Amino acid sequence: MTTELSPSAQRVQQALQKLGMPLEVVELPDSTRTAVEAAQAIGCQVQQIAKSLIFKGKHSGSPVLIIASGTNRVNEKRVAELLGEPIEKANADFVLQHTGFAIGGIPPVGLAENMTTLIDEDLLQLNEIWAAAGTPHAVFRLIPANLEQMTGGRVGKVA
Ligand code: 5CA
C-alpha cells in the first residue's frame, strides 16, 4: 500500500522528478521539525541533516538559502564576506513568502523563487545526507553531489 504524501511534500517530490532526480520523499510518523528530531526519526547522525535556512540580505532585502550541516551554526560574518553583503536571519513570514514553505520543513528544491544558495562544505564530506521535504514530517535521502546539482549552489565554509 502506498500512502499519499501531503500536498507540500508532493510539491517537493514533483520538483525532484522535474530535475530528473530519482530521490524519494518519505513522510515519517515522528517529527522532523528540527535537525535533532529529524536525525532521531530517521536514525542517522545530526550532521547528516542538511538544514535549509533562509537569510535576508541586509541591503538588497533578497533571500539567501544556506544549506548547513545539522550540527553547524551559520557564521553570518563569514557568509557576509562570501556574498559581499551582510545578512540577517529571516522571519517566518519572509521565509513563507519567498519559499512557499513553512519553517521546519523548508526543502532545498521546489522553492517559490530562485535565490542565491550556499552549501556547507562540511556536508560534502558525508556519503549520505537527508533534507527536509516541505513539512515537519517529510524528508528525502540524497548524496551531497545531488545538492550541488539540484540547487546550483556554491560550496563554501559557512560555519
Ligand atoms: N526539517 C528539519 C530538517 S530535515 C528542519 O527544517 N530543520 S532546520 O533546522 O532546517 O529548520 C529549523 C530552522 O528554522 C532553525 O534552525 C532556525 O534557524 C529556523 N527558525 C526557527 N524558528 C524561526 C523563526 N521564528 N524565524 C526564522 N527562522 C526560524
Side-chain angles (χ1 to χ4, degrees), residues 5-13 15-16 21 23-58 60-80 82-83 86-113 115-144 146-148 150-151 153 155-159:
L5 295 173
S6 63
S8 292
Q10 271 180 37
R11 276 198 278 149
V12 177
Q13 183 66 80
L16 291 169
M21 298 246 162
L23 302 171
E24 191 194 355
V25 171
V26 292
E27 267 178 323
L28 302 176
D30 291 339
S31 169
T32 59
R33 183 179 297 278
T34 66
V36 170
E37 286 179 358
Q40 267 169 10
I42 292 161
C44 71
Q45 293 182 304
V46 180
Q47 63 170 2
Q48 288 176 277
I49 301 298
K51 306 187 276 195
S52 296
L53 306 172
I54 306 296
F55 290 80
K56 179 179 171 182
K58 275 190 188 168
S60 63
S62 300
V64 176
L65 169 63
I66 302 181
I67 306 171
S69 171
T71 46
N72 282 346
R73 190 184 154 80
V74 170
N75 181 328
E76 294 182 13
K77 274 192 188 151
R78 205 192 295 281
V79 171
L82 283 174
L83 297 177
I87 56 160
E88 60 193 8
K89 204 72 179 281
N91 68 33
D93 285 344
F94 183 92
V95 172
L96 181 59
Q97 184 188 343
H98 292 275
T99 68
F101 297 94
I103 284 167
I106 307 297
V109 287
L111 304 183
E113 281 176 29
M115 57 188 84
T116 301
T117 302
L118 292 178
I119 301 170
D120 185 345
E121 63 182 18
D122 288 353
L123 287 170
L124 276 289
Q125 306 303 316
L126 305 171
N127 292 321
E128 187 182 288
I129 59 178
W130 292 79
T135 82
H137 287 273
V139 290
F140 64 98
R141 185 174 61 186
L142 69 169
I143 61 171
N146 293 151
L147 211 48
E148 293 184 71
M150 66 177 66
T151 66
V155 176
K157 192 172 173 66
V158 303

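For ligands, and for the atoms within them, numbers begin at 1 and follow the listed sequence. No experiment lies behind these values; they were computed from the predicted model shown.
- In this structure, Ser52 and Ile67 approach most closely via the heavy-atom pair OG-CG1, 4.2 Å.
- Between Ile49 and Leu123, the shortest heavy-atom contact is O-CD2, 4.3 Å.
- Of the N and O atoms on the side chains of Glu37 and Thr32, not one donor lies less than 3.5 Å from an acceptor on the other residue.
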(message) Checking Leu96 against Phe101 for the side chain to side chain contact (heavy atoms under 4.5 Å, CB included) test, could you report, in this order, the C-alpha distance in whole Å, the side-chain angles of both residues, the deciding distance, and whether it holds?
(response) CA-CA 5 Å; Leu96 181 59; Phe101 297 94; 5.6 Å; no
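- Judged by distance alone, the side chains of Ser6 and Glu27 do bring a donor and an acceptor atom under 3.5 Å apart.
- Protein residues lining ligand 1, listed by chain and number: Thr32, Arg33, Thr34, Ala35, Ala38, Ile49, Lys51, Ser52, Leu53, Lys89, Ala90, Ala92, Ile103, Gly104, Gly105, Ala132 [non-hydrogen atoms, distance under 4.0 Å].
- In terms of modelled atom types and a separation under 3.5 Å, the side chain of Thr135 and the main chain of Ala138 share a donor-acceptor contact.
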